[in-house]
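Quick notes on the structure that follows.
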Amino acid sequence: RKEVEQDPGPFNVPEGATVAFNCTYSNSASQSFFWYRQDCRKEPKLLMSVYSSGNEDGRFTAQLNRASQYISLLIRDSKLSDSATYLCVVKRSMYSGGGADGLTFGKGTHLIIQP
Amino acid sequence: SQTIHQWPATLVQPVGSPLSLECTVEGTSNPNLYWYRQAAGRGLQLLFYSVGIGQISSEVPQNLSASRPQDRQFILSSKKLLLSDSGFYLCAWSVFGTVETQYFGPGTRLLVL
């Protein structure tokens with residue numbers, strides 16, 4: 001099983017709709033989770049962290065289900081500018097000294113918002 | 001504010017040629033530094049990370065190497081490029097001791113022919 005798995009999509013969604021996608025992770029000891037956004041041919045940027053109790057940032061809601069080992073991202077009232085690839089990211093456990101843990105990135109889910 | 005620079009933006013190199021990609025960070029001290037590669041249709045793969053000058057850890061065996069000659073400078077190199085080295089190379093930094101929020105540079109697109 002891959003460390004972080006996502007449905008690659010693409011998800012074609014009309015503007016104004018609500019869209020949700022999930023991500024599963026294999027390491028039950030993972031502690032921290034994030035969603036990054038990557039526009040076409042650009043660098044990834046942090047969208048939001050995912051907290052155990054779930055969290056919201058404007059139109060975006062992230063949730064974590066530790067029992068089933070998945071996280072989700074919900075986008076409400078989608079905008080054309082939401083079109084991008086959304087990367088699910090999991091912080092790995094400490095594997096060496098020096099304070100440098102690592103992030104494992106999923107391959108991303110491609111979202112296309114259509115007018 | 002902190003900024004991260006990478007150059008060149010695009011590079012086309014023949015197989016067997018050497019490579020040197022540079023990354024510099026401004027506005028922060030003693031950052032963790034990372035090199036990632038994103039190949040077509042694949043996720044981000046961590047290649048190297050560094051927690052300080054001269055301290056490099058390699059994630060995967062390959063014909064690439066990294067160096068950190070200065071606190072805010074990170075260099076990715078190869079003596080002889082392979083076709084499989086083509087990809088989008090991203091440098092990132094995070095506050096020392098944390099990895100949660102990583103800030104990526106604009107990246108270098110490398111095509112090896």
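Note: hydrogens, waters and symmetry copies are ignored here, and every other heavy atom, side chains too, is used. Proteins come first, then strands; the chains are lettered A, B, ... in the order of their sequence lines, and each starts at number 1.
- Residues of residues 43-62 of chain A having a heavy atom under 4.5 Å from any heavy atom of chain B, listed by number: Glu43(A), Pro44(A), Leu46(A).
- Under the 4.5 Å side-chain heavy-atom criterion for grouping Ile, Leu, Val, Met, Phe, Trp and Tyr, Leu113(B) is not connected to Leu64(B) through any hydrophobic cluster.
- Closest non-hydrogen pair, Lys42(A) versus Phe88(B), comes out as O-CE2, 3.6 Å.
- Tracing side-chain contacts under 4.5 Å through hydrophobic residues (I, L, V, M, F, W, Y), one reaches Trp93(B) starting from Ile56(B); they form part of the same cluster.
- Of the atoms belonging to Gln6(A), not a single heavy atom falls under 4.5 Å from chain B.
- One hydrophobic cluster, built from ILVMFWY side chains closer than 4.5 Å, cannot hold both Ile75(B) and Val51(B); they sit in different ones.
- Highest contact tally toward chain A, considering only Gly43(B), Gly107(B), Ala92(B), Gly52(B), is held by Gly43(B) [criterion: heavy-atom pairs under 4.5 Å].
- Connection of Leu81(B) to Val12(B) is not established within any shared hydrophobic cluster, with ILVMFWY side chains joined at heavy-atom distances below 4.5 Å, either directly or through further cluster members.
- Atom CD of Gln102(B) is separated from atom CZ of Phe105(A) by 5.5 Å, given to the nearest 0.5 angstrom.
- The distance from the NZ atom of Lys107(A) to the CD atom of Gln38(B) is 11.0 Å, given to the nearest 0.5 Å.
- Both the backbone and the side chain of Leu44(B) have a heavy atom closer than 4.5 Å to some heavy atom of chain A.
- Heavy atoms closer than 4.5 Å to chain A are found nowhere in Tyr103(B), neither backbone nor side chain.
- Residues Leu19(B) and Val15(B) are members of one and the same hydrophobic cluster, defined by side-chain heavy-atom contacts under 4.5 angstrom among Ile, Leu, Val, Met, Phe, Trp and Tyr.
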